[in-house]
There are 2 protein chains.
Amino acid sequence: MKMDDRKQKVLMAIVQDFIATAEPVGSRTIAKKYKLGVSPATIRNEMADLEEQGYIEQPHTSAGRIPSQQGYRYYVDYLMKRKELSVEEEALISNQFEKKVKDVGQVIQKAGLLLSQITQYASMIMPPQIGTNSFKHIQLISMHPSRAMVIVVMDNGMLHHRVIEVPEGITSNDMETISGVLNAKLQGLTMESIKMTLMKEIYLELAMHKHILDLAMELIQDSLLLKTEDKIYLGGVFNMLNQPEFHNIEKVKTLLSIIEQEKMLCELLADRGREVGGVTVRIGDEIKSHKIKECSMITAPYSICGKRVGSIGVLGPTRMEYAKVVSVVEFMTKNLSRAMERMILGMGK
Amino acid sequence: MKMDDRKQKVLMAIVQDFIATAEPVGSRTIAKKYKLGVSPATIRNEMADLEEQGYIEQPHTSAGRIPSQQGYRYYVDYLMKRKELSVEEEALISNQFEKKVKDVGQVIQKAGLLLSQITQYASMIMPPQIGTNSFKHIQLISMHPSRAMVIVVMDNGMLHHRVIEVPEGITSNDMETISGVLNAKLQGLTMESIKMTLMKEIYLELAMHKHILDLAMELIQDSLLLKTEDKIYLGGVFNMLNQPEFHNIEKVKTLLSIIEQEKMLCELLADRGREVGGVTVRIGDEIKSHKIKECSMITAPYSICGKRVGSIGVLGPTRMEYAKVVSVVEFMTKNLSRAMERMILGMGK
DNA sequence: TTTAGCACTCAGTAGCATAGAGTGCTAACA
DNA sequence: TGTTAGCACTCTATGCTACTGAGTGCTAAA
């Protein structure tokens, strides 16, 4: 694993140059551009070694070298220096998050847009998961003689609703009663605590409205249990088309067909692999989908009051500007966390 | 405008063949495949006429003919025969819509998915607009000493919510009072009827809570006025990549960059141009966006209880299967209308 | 009015030579 | 022992040419 200092410099030059140009890098280029103080011939020797060790590869004999997956990994783990955001970029993000927003969805959307604008790759954002949050309020609203809307509010501000069928003859007053009882009994509890015992208690109290109660409970359960909402904000996928590796339509197609399978992406976002300082970098095959090829993914969780509630991520070609994206993603999680907290808890403006 | 019978047949053959193959159509092909009972030479003469009149064009001298925009228009207006859906397709749609669904969003999503699956083009669906709907219920819920959530329910089942800041010291009871008054005064009214006079009345009654009332009213206004939500469901954009006209990356890029500007699409969806039997077909330039090239759009409104509340549409290359898509779009609006009605009004299962 | 025949046009493709980038190896050098 | 210059070699990319084939438009005959 330990590597000669000069080899590291050569590898770094190759990775950086390839990231910048998308062209295989030759020994002459390195000697000229990165002034290691040695001749191309020496660099060629180093390159031969690096290739033997698996850090770089050659598309064909008369071409320069490109980093292998292992090469990128070494770069990310040992060589890369964070590239901080420019003042303008930081300002752009901060500004956007200072503005008033209506709801969680909007914040998510904004974050996604920024992320893809700044990185020029695709962005993915998983909205706050509510699996372990607690129940805040339930409201039944009569919509029609035989229909009612159930609204469930979670204490983190998320909201779920559904229209259900109710037997005719249930009055608005009945609904108020049911809402009242449910609120009194369930408020502040997490799903784990809503045990059968408790349920029985409520059922007794509201025996007359068993049917409607069943439906309401179903929704509450759904809201509380639905772990991974399988919804995910995807943005800037089209940026990817500007990357030279996607000038080939076939590649674009496979990429996009994957991206449409949101579920799988969700899992990837949720799972934190080898995380370093909060940020996870997955390179090539490390994305455990045999179908995504030549892509890397950088993800990080954001939190509300220190509790991780969701993740954001950037998907780009393996030839990705890791140094930059890692910084952006990190900065974004901080801002997103803060914005979420402000919105939900009512701190600050 | 009147056209020779045989010319019509030739034009029809050219349009149909080009739609099917995406290759310029030659005189020999027409003579062989479409057996008009005349020789290629005769067809060549007809084709020369058709070209002169602007219905078809030639990419280059030694190629066959392709329909011009005007040619497609003539085809759609006078020649095309609806191609009804297959039994399987109808069943697929009906089945999907019979299933239980949670909310409007889900129905919309389902419709979009079906539309793009069946047509293999991109689908666009505008959710029900609430501009003129009436207010059903408002609920204030305390989330935190200085934050409350306002939930507004419209009588068509749409729901809007926002977290607002409230002065500390407002109790849950106060909120109940406010909710109560607002509900009593506003229920069933459309925005048009919520006039200043009425507002004053409420303000008097709730003078003590002016601030929070302002915020609540703001949300109600937003919910009621927000005409075009500018949200739109887009699906199956990636299908388009299978169309040979989009094998050129540049075209894909311009197409996709347009599609990202949802707002403009919204306007197109909302506006019904030359509508025939509920369905509007826009060919090429007729889509009033100078940037979308070589695309056609087929749109139709769906309704709830006879009132048009939204639109659905399909976007594809000008070389689109008009006959099929028109039928699909029409069939889909019917099903979507029914599903919406069922969900919101509580008819049927 | 229709058709057969024919010369003409032009995109696409295959073949071929050339240029250029980059390598690996060897031998000389510090 | 590590570094470098020189050189032969490999392989892609590019441009050129010739050829093929699809399809046309025109003319003259049926």
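Keep in mind that this is a model prediction, so the values were computed, not measured. As a basis for the values below, the full set of heavy atoms in this structure was taken, side chains included, without hydrogen atoms, waters or symmetry mates. Lettering follows sequence order; numbering is per chain, from 1.
Taking side-chain N and O atoms only, A:Thr42 has a distance below 4.0 Å to OP1 or OP2 of D:dT4. Side-chain nitrogen and oxygen atoms of A:Arg28 include none within less than 4.0 Å of the OP1 or OP2 phosphate oxygen of C:dG20. Neither OP1 nor OP2 of D:dT27 sits under 4.0 Å from any side-chain N or O of B:Arg44.
No donor-acceptor distance shorter than 3.5 angstrom exists from the side chain of B:Gln117 to the backbone of B:Leu114, with no hydrogens or angles considered. Under a 3.5 Å cut-off, the side chain of A:Tyr121 and the backbone N or O of A:Glu321 do form a donor-acceptor pair.
Of the candidates D:dG25, D:dC11, D:dG21, D:dG21 carries the atom nearest the B:Ser62 side chain, counting heavy atoms from C-beta on. Here C:dT3 is the nucleotide among C:dT3, D:dT24, D:dT4 with the atom lying nearest to any side-chain atom of B:Val38. Ranking C:dT23, D:dT3, D:dG23 by closeness to the A:Arg6 side chain, first place goes to D:dT3. Picking from D:dT24, D:dT12, D:dT4 the nucleotide with the shortest atom distance to the side chain of B:Ser27 gives D:dT24. Among the nucleotides D:dT4, D:dT24, D:dG23, the one closest to the side chain of A:Ala41 is D:dT4.
In this structure, CG of B:Leu50 is placed 16 Å from C1' of D:dG25, rounded to the nearest angstrom. For A:His60 and D:dC11, the NE2 to C1' distance is 6 Å, given to the nearest whole Å. Taking atom CD of A:Gln58 as the reference point, atom P of C:dG24 lies 6 Å away to the nearest angstrom.
Between the side chain of B:Thr61 and the base of C:dC10 there is no donor-acceptor pair of N/O atoms closer than 3.5 Å.
In summary, A:Arg319 and A:Glu245 engage in a salt bridge, as defined by a charged side-chain N under 4.0 Å from a carboxylate O.
Of the residues near DNA chain C, B:Ser39 and B:Pro59, the one whose nearest nucleotide (by heavy atom distance) lies more toward the 5' end is B:Ser39.
Here the options are B:Glu46, B:Lys32, B:Arg44, B:Arg65, the test is side chain to side chain donor-acceptor pair (under 3.5 Å), and the partner is B:Ser27; only B:Arg44 passes.
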